[in-house]
Every structure is written in C-alpha cells, then in structure tokens.
Amino acid sequence: MATRMSGLFGRTLREAPAEAETANHQLLLRAGLVVQLAAGVYSYMPLAWRSLRKIETIIRDEMDRAGAQELLMPAIQPVELWQESGRLDAFGETMFRFRDRRDREQLLAPTHEEAVTDLFRNTVQSYRDLPQRVYQIQNKFRDEARPRGGLIRVRQFLMKDAYSFDADEPAFQDSYDAMAQAYVNVFQRAGVPITRVQADSGAIGGKSSHEFMFLTAIGEDTIALCRNCDYAANQERAEFGRGLAPVEEPAALEPVETPGLTTIDALAHFLEIPASRTAKAGMFLADGRPVFAVIRGDLDFNELKIANTVDAHEIRAMTNDEISAQGWVAGYASPIGLDAKLTDATVVADISIPNAPNLVAGGNRTDLHLRHTNYGRDWQAAHVADIGLARDGDPCPTQPDGTPCPGAIALDRGIELGHIFRLGTVFSEPLSAHFTDADGEQQLPIMGSYGIGVERLLAAVIEQNHDDQGIIWPAAVAPYDVHIVVIGFDKPEIAAAVAQTEAALEAAGLSVLTDDRDERPGVKFNDADLLGMPVRLTLSPRNLKADVVELKARTAAEADTVATAGLLARLADILHTPQPSDAPAS
RNA sequence: CGGGGCGUAGCGCAGUCCGGUAGCGCACUUGACUGGGGGUCAAGAGGCCGUCGGUUCAAAUCCGACCGCCCCGACCA
C-alpha cells in the first residue's frame with residue numbers, strides 16, 4: 001500500500017531546531033526523520049526507519065555474499081564475561097552497567113567480541129568447522145563522554161558487527177579481504193564515497209586495523225592522505241618521513257645560557273638555528289607512569305603513539321608540578337643524565353632523533369641548554385619509535401606497496417563509517433576458545449572483527465546527498481522510490497487516477513509516498529524536495545486531461561511530462577540502482 | 001571531566017539588564033476566499049517561563065542549588 005502523507009506519522013519543519021549545526025542533522029530533523037529523546041538517544045520515525053532497513057538490506061546482502069551468517073547476540077551481558085577478557089577497565093565509564101534483581105552486575109554491551117568468542121568456544125571444536133564468519137545488526141550501548149553531531153556520536157546505536165574465526169593467518173587474510181570488499185560494496189551501493197585508511201586499533205585490541213572514512217569537513221577524525229600516492233591513515237597512527245638528517249661529526253657538548261627561552265621557537269630564534277636542530281622534550285603520565293619523550297624540535301608528539309609504545313591505555317601531559325616532582329625543569333628538561341637522577345621514567349625517542357647530530361637540548365637547569373647533544377653518545381632511550389604527529393606538508397612515509405614516494409601529506413577530516421580489525425588471538429586466548437587441528441592439537445582461532453555504524457551511514461548518505469532544498473536520496477536507500485504530489489485530490493477523477501497510478505507503480509515493485517494532503521501546491525513541492533525521494537510525480541487535473549504525468553527526478557533541474565503509457569519504463573530507467581557488485585564473495 | 005553557550009507554546013525567537021503575573025513569526029483548530037513553488041482574511045486553542053529553594057506585597061525577570069541540551073577540548077571499538 002502506498003503511504004499517504006495525510007496519515008504519515010511525523011512531520012516536516014520549516015526551520016531546523018537550533019541544536020542542529022550540520023546539514024545532515026538539520027535535514028534529519030526538518031524532514032521529521034528522527035526525534036531526540038535524550039543526549040545521544042534518538043527515535044527513528046517511519047521514513048528514517050524505512051531507509052535504515054534498506055541500508056540493512058544492502059549490508060545483509062553483502063555480508064551474505066562475503067560468506068557470513070546472520071545471528072543475534074544479547075545486549076545484556078554479565079560483567080564476568082568482560083572480566084574474563086580483561087576489557088572491563090579498557091571501556092571504563094563508557095560502559096552502561098547495572099545490577100539485576102539478584103544483585104548480579106550486568107552491562108549493556110558496547111560491542112560483542114566477548115559474546116561471540118563465548119559462542120565459538122561453546123559451539124566449535126574442530127578445524128573442520130572453520131572458517132566461520134558471523135554477523136549481526138544490533139543495538140550497541142556506549143555512554144559516550146560527549147554525544148554529538150546528531151547521529152554521528154550517540155549512546156545507543158545500530159551496528160553491524162561481524163566476526164571471523166580462522167585456523168591460520170592465510171585463511172584469516174581471506175576473511176579480512178572478503179569483509180573489506182564487502183565494505184567497499186556496501187558504501188558504494190549506499191551512495192557514500194569512502195576512503196580506506198590505516199587506523200589505530202584502540203581499546204578493542206588487536207594487531208592492526210583499517211577504517212572506512214567518509215571524508216567531510218564535519219568529520220571528527222583527522223586523516224592523513226598523500227597528495228601523490230594512495231597512502232592514507234588516521235592521524236592517530238599516520239607515519240611520515242623525517243627528511244634527510246645533516247651529515248656532521250658529533251661535536252663536544254657545550255652549555256649555553258638561554259634565559260627565559262622555554263619554547264623551541266624562542267630557543268631556535270635566539271640561537272639562529274632551525275627548530276630541526278633542537279630536541280624537544282615531552283613529559284607524560286602513561287597509565288600513571290612517567291614517560292620522558294624526545295623528538296626533533298620541528299616535530300610534534302603523537303600522544304597515542306607514545307602510549308602504544310609504552311603499552312599504556314591512557315596518557316596525558318604532566319603538569320608543571322608533576323614535572324618538578326620528577327626532578328625535571330619544565331622548559332629545560334634534558335634527556336641527558338636521566339639515569340643518574342635515579343628516575344624511573346621510561347625514556348622514548350622518536351625515530352627522528354638517532355640520526356640527528358648535534359641537537360640543542362635542555363640542560364635540566366633553569367636558563368640552560370646544551371649544544372651538540374648526540375643520541376647514543378650522551379643518552380639512550382628505552383624505546384626508539386615513531387612517536388611523531390603527522391602534519392600537513394610532512395613527507396609521505398612510503399607508498400602502500402613499499403616504494404618510496406616524493407609526495408607530501410595532506411590532512412583531511414572524516415567520519416568513521418566502518419572499521420575492520422585483525423584481532424589475532426587477543427580474545428580467543430583469554431577466553432580459552434580452542435579448536436582441534438588436523439594433528440589433534442588444541443589451537444587458538446585467528447579472529448577478525450568488522451563494524452559498520454548503520455545510523456552513521458544514514459547521516460553520511462544525507463550529508464553527501466543534499467542541496468539547499470533538502471535531501472537527495474540515492475535510490476538504493478530512499479525511504480520510497482516515488483513521491484506523488486497530488487493537486488486537486490478532492491476531485492473524484494483525480495483521486496481515482498492517483499489510486500490507479502499507485503497500484504500500477506506498486507505492481508511494478510516500486511514503493512510510493514503520496515501527498516494527498518489539502519495543502520497548497522507550493523507546500524507540497526517544497527516538502528517533496530525536502531523529503532527527497534528520487535522521483536516526484538505530479539498528478540493534477542491539467543495533466544490528467546492531457547493524459548500525462550509530470551515527472552521530475554530529484555536530481556533534475558526541471559520537470560517534464562511523460563505519457564502515462566511510458567511512465568513505468570521511464571521510472572525503471574531513473575531508479576535503476578547499482579546492482580550488487582560482481583566481485584567474488586571471498 | 002575542563003571551557004563556553006542556552007533552557008519562555010510543536011519549531012524559531014523577543015521579553016530578563018531596570019520585578020507588577022507573557023508576546024511575535026511559523027505550525028495547529030474552525031470558517032471564508034484562494035488553488036502549480038511554503039497564500040489572504042477572520043475567529044480560536046495551546047505555556048507550572050527546566051526544577052527546587054530563597055528574597056519581595058509581588059519573580060520568566062533578583063539570589064542559590066540542582067537538572068537538561070548544544071558547542072570546543074579531553075575522551076571516542
């Protein structure tokens with residue numbers, strides 16, 4: 001049955017509520033697609049739900065093609081399960097927790113690695129049962145510190161999460177590649193351009209990951225992209241070239257008085273040297289432990305990289321008091337002599353440091369620096385690692401295939417729509433999920449985890465596909481295929497023609513939204529533009545008399561008339577949606 | 001959690017500085033006119049001014065506490 005707008009639950013707004021800033025958020029509210037209940041908690045009205053179900057259908061189709069089976073796991077889970085994996089602390093406050101009537105601690109699952117691994121250990125015993133790929137589309141719960149951006153960061157949301165279990169690395173790679181291809185297909189079919197980037201794997205653990213980013217100025221993630229090659233990474237983990245170090249013989253250490261010069265800029269200016277000839281010190285607390293980090297003066301620290309280097313969850317810069325408590329001097333801290341000061345700090349040097357000779361570093365005394373410090377001769381770090389923050393213009397690290405690239409990094413903003421992880425055995429091991437291999441030995445399955453934010457994808461569809469008038473739904477995810485604007489619905493012959501047209505369209509498999517309201521034509525046309533179905537048909541006495549219907553694709557500038565007889569063919573032409581890709585299923 | 005902003009009718013806002021019992025536009029209801037890009041006229045309905053407490057003869061307005069929402073940051077599988 002066609003939906004009649006006179007009875008549609010939900011309505012359009014002429015003005016967007018003040019809390020909406022981005023185009024997609026404003027349109028979601030103005031079109032009456034979503035209604036907010038609390039911070040980061042939304043209802044999806046009938047139009048939005050139809051679109052979300054279409055997105056889900058695409059996802060299911062591609063998941064099935066990638067060899068995954070749909071199931072549904074519990075949202076309520078006992079805390080014990082998460083103690084078993086050791087992830088309770090990693091999620092911390094983000095987890096919604098409660099006690100049941102028997103005083104058992106429960107939680108609302110933010111993700112399902114634990115649950116699926118538990119399922120696996122209860123279900124699979126033999127390598128003959130591998131590989132396994134499963135997925136679900138399910139509400140996730142995360143008590144985000146700051147929900148924001150409409151549907152972009154919410155506290156209850158639909159997620160498609162998939163998990164793979166494989167007997168060995170090559171088999172895992174097949175699963176990973178199948179999922180990656182499925183993701184490319186999903187986003188392409190939904191009408192959202194995506195960029196696949198290397199990502200940090202965060203609290204979920206695991207060895208490596210890729211994010212599927214929708215590049216947009218309103219994105220909350222920063223992406224480093226090479227202007228020349230295909231290199232793309234989240235700034236959190238983006239690598240970059242440090243350039244060629246000058247070739248110099250190490251010179252003798254030389255104190256230099258530097259009164260009041262506590263910044264690299266001031267120091268470099270005073271000494272008339274480039275910032276790259278200085279060493280920048282950074283003092284951090286990583287899971288409460290002191291870390292002394294050193295990087296070339298012209299570069300910035302990437303705190304996440306530092307945390308990963310010292311295997312910490314949380315990291316922050318020390319306060320001046322904390323620095324003093326370590327016996328260091330803020331602004332003049334030096335990596336030299338840290339051992340002698342009996343510090344328990346972990347010293348980490350950026351990869352820019354060992355090759356850079358004769359750097360000016362702090363003297364660990366107010367108003368004193370040291371010239372000609374040399375790594376190896378004057379000091380050593382526990383870790384030499386990439387702890388630099390990729391910035392606009394930095395040299396591209398290398399092309400994905402390993403060949404050198406002369407390009408430079410550009411920074412862009414993006415929204416993470418999907419994330420795929422290599423988990424390895426980080427869940428199968430603590431949860432004791434085993435299978436028996438062909439030799440009768442117990443083995444741990446190699447796992448993968450694959451997520452898509454369903455409403456986030458909806459928001460991205462709208463952000464990507466709209467104009468000043470409203471949404472421009474891609475046919476594949478539009479709530480309805482056709483929006484019929486009726487002029488003169490009170491006239492019996494018009495009402496009859498409408499019913500006839502609706503029936504004909506639906507017989508052809510099209511979904512129809514009919515604006516039968518007693519509104520002025522202008523109101524209806526504006527609402528049709530706002531709601532943004534791919535095709536608008538106008539039925540009016542004028543057109544009926546001429547035995548035509550007026551047809552306007554949402555993307556077209558002007559409407560034109562079509563003989564009634566040729567209508568279905570024309571619609572099929574416009575609504576032809578991208579078919580499931582021809583890529584192999586795995 | 002730090003910084004900032006905002007809570008007055010379904011939506012957008014004024015009124016708050018300077019206390020006197022609430023208003024505008026859109027939307028909604030009824031009627032008439034109108035009828036192809038958000039119409040006109042007329043008559044209506046709708047508000048515990050976020051909550052609680054205080055000051056005062058009197059509080060949307062002043063004071064205090066709390067709650068909620070938005071933005072920036074921290075955080076973010």
Exercise for the section: Taking A/Ser51 for its side chain and A/Ala48 for its backbone only, find out whether a donor-acceptor pair lies under 3.5 Å. Expected result: no
Between [options], which nucleotide has the shortest distance from any of its atoms to the side chain of [X]?
X: A/Arg148; options: B/rG10, B/rG73, B/rG12; result: B/rG73
X: A/Arg146; options: B/rC13, B/rA74, B/rG10; result: B/rA74
X: A/Glu21; options: B/rG37, B/rG35, B/rC71; result: B/rC71
X: A/Asn526; options: B/rC28, B/rG37, B/rA74; result: B/rG37

Practice task
Starting from the C-alpha separation in whole Å, work towards a yes-or-no answer on salt bridge (charged side-chain N to carboxylate O under 4.0 Å, His left out) for A/Arg570 and A/Asp560.
Solution key: CA-CA 11 Å; A/Arg570 182 71 191 284; A/Asp560 59 312; 3.0 Å; yes
Can you find a donor-acceptor pair, distance only, under 3.5 Å between [X] side chain and [N] base?
X: A/Glu15; N: B/rG25; answer: yes
X: A/Asp518; N: B/rG35; answer: yes
X: A/Arg536; N: B/rG37; answer: yes

Problem - Between A/Tyr176 and A/Phe421, ring centroids under 6.0 Å - result: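 Distance test on ring centres: not under 6.0 Å, no.
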Exercise for the section: Starting from the 5' end of RNA chain B, give me the residue, A/Ala559 or A/Gly451, whose nearest nucleotide shows up first. Expected result: A/Ala559
Problem - OP1 or OP2 of B/rC70 under 4.0 Å from side-chain N/O of A/Gln36 - result: yes
